[in-house]
Protein chains: 2
Amino acid sequence: MPEPEWDPYNRDCPTRAMLDRIGDRWTVLVVGALASGPLRFGQLATRVDGVSQKMLTQTLRGLERDGLVTRTVFPQIPPRVEYELTETGRTLQEPLNALEEWASAHMADVLRSRAAHDAAV
Amino acid sequence: MPEPEWDPYNRDCPTRAMLDRIGDRWTVLVVGALASGPLRFGQLATRVDGVSQKMLTQTLRGLERDGLVTRTVFPQIPPRVEYELTETGRTLQEPLNALEEWASAHMADVLRSRAAHDAAV
DNA sequence: CAGAATCCAACTGGATACTG
DNA sequence: CAGTATCCAGTTGGATTCTG
């Protein structure tokens, strides 16, 4: 079954949009935060330091739409809403982890280079 | 040698900025395009479909500053400038490839989910 | 060819206030 | 608690023009 030939280098390819979503600063962090299991909205807000509630909501809605996250509402007062990675969402973890690890591993190099470069000016 | 404990979940951690750079829609594509070897400015502009010359320049400057890409000017008229991944830049290829592959592999699922979700509204 | 510089429309995203 | 709605300042980035 020959998958269609996705090509991110073509400006009209949907994978472009996908890279945008992945690249979204909050998406990476939210998916990462959900890696260890379901979390409530408030818990996510706490874990992902600095995210505004607007952005968190927006990010979660996007992930839900793309089938990467499920949203479960428990009908009680006060409301309780849990977010959890779907099967597909979990497959995204691996590449995202790789990214975070790369960032951690090479951050020092990058900062050094950046300092040197700026000093040279 | 215990690396400092980078934590992308902390809003003040430099890895946050790094994720921003990686997340940059053009960075992923430019690094990917350079994977197979050095390219000239114009070649990059062609490969990375849709990038404006302003964005390409900006992206390349950023990558250069971070020590991920080298910029070589050949003193001739008309000018010839080549960009090439550095050692560190090449290490970034792997995680980025993983991302592109994920996008290619799951794009169909995502589009399906998206359509279903929108239809449900 | 490879850019630098400028202008400006459009989108992003934070802060704030309100609700079921 | 988990949002929604609104306002708005700041940033992004495309188009265009000019240059060594």
Side-chain angles (χ1 to χ4, degrees), chain A residues 8-12 16-30 33-34 37-65 69-84 117 120-121, chain B residues 8-12 16-30 33-34 37-65 69-84 117 120-121:
Chain A
Y9 289 92
N10 178 350
R11 87 169 81 188
D12 296 321
R16 268 291 177 88
M18 206 54 220
L19 286 180
D20 280 358
R21 165 161 313 297
I22 296 175
D24 182 57
R25 90 183 295 168
W26 301 122
T27 295
V28 184
L29 296 172
V30 167
L34 289 175
L39 286 179
R40 301 180 57 170
F41 185 87
Q43 295 176 307
L44 274 171
T46 304
R47 289 232 193 172
V48 182
D49 186 34
V51 69
S52 70
Q53 140 264 44
K54 177 182 173 180
M55 278 305 98
L56 183 52
T57 300
Q58 208 171 99
T59 302
L60 287 168
R61 293 288 177 278
L63 288 171
E64 195 190 355
R65 186 167 103 101
V69 157
T70 57
R71 178 172 182 270
T72 310
V73 182
F74 297 83
Q76 60 190 39
I77 306 239
R80 171 191 181 87
V81 180
E82 279 193 357
Y83 294 91
E84 185 171 14
H117 190 270
V121 179
Chain B
Y9 288 92
N10 177 348
R11 87 170 81 190
D12 296 322
R16 270 289 178 88
M18 206 55 220
L19 286 180
D20 280 357
R21 163 158 316 298
I22 296 175
D24 182 57
R25 92 184 294 167
W26 302 122
T27 295
V28 183
L29 296 171
V30 167
L34 289 175
L39 286 179
R40 301 181 56 170
F41 186 87
Q43 294 176 307
L44 274 172
T46 303
R47 290 233 193 172
V48 183
D49 186 35
V51 68
S52 69
Q53 153 261 32
K54 177 183 173 181
M55 278 303 100
L56 182 53
T57 302
Q58 207 171 101
T59 302
L60 287 168
R61 293 289 177 277
L63 288 171
E64 196 190 354
R65 185 167 103 101
V69 156
T70 57
R71 178 173 181 269
T72 311
V73 182
F74 297 84
Q76 59 191 37
I77 306 234
R80 171 189 180 87
V81 180
E82 279 193 358
Y83 294 90
E84 185 172 14
H117 189 271
V121 179

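The chains referred to below are lettered A, B, ... by the order of the sequence lines, with proteins before strands, and numbering in each begins at 1. Side chains included, hydrogens not; waters and symmetry mates left out as well; all remaining heavy atoms used.
Using a 4.0 Å cutoff to heavy atoms of chain B, the contacted part of DNA chain C runs 5' to 3' from C:dC1 to C:dC7.
Contacts of B:Phe74 with the nucleic acid, taken as non-hydrogen atoms under 4.0 Å apart, are absent.
Atom CD of A:Glu84 sits about 13.0 Å away from atom CD of A:Glu64, to the nearest 0.5 Å. With rounding to the nearest 0.5 angstrom, the CG atom of B:Asp49 is 10.0 Å from the CG atom of B:Leu29. Atom CE of B:Met18 and atom CD1 of B:Ile22 lie 5.0 Å apart (nearest 0.5 Å).
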**Sugar-phosphate or base contact per nucleotide [nucleotides 13-20 of chain D; S, B, -; heavy atom under 4.0 Å]** = BBB----B
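Minimum interatomic distance between A:Val28 and B:Tyr9 (heavy atoms only, all atoms of both residues): O-OH, 4.3 Å. Considering every non-hydrogen atom in both A:Arg16 and A:Asn10, the closest pair reads CG-O, 3.6 Å.
With rounding to whole Å, A:Glu82 atom CD is found 9 Å from D:dA2 atom P. Between the CD atom of A:Gln43 and the P atom of D:dC1 there is a distance of 11 Å, given to the nearest Å.
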**Message:** Pair A:Leu19, B:Arg25 - check side-chain contact (heavy atoms from CB on, under 4.5 Å), show working.
**Reply:** CA-CA 7 Å; A:Leu19 286 180; B:Arg25 92 184 294 167; over 6 Å; no
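Within the 4.5 Å cutoff, the side chain of A:Leu63 has no heavy atoms near those of the A:Tyr83 side chain.
Judged as a side-chain contact (heavy atoms from CB on, under 4.5 Å), and not counting sequence neighbours, the contacts of B:Arg40 are B:Gln43, B:Arg80, B:Glu82.
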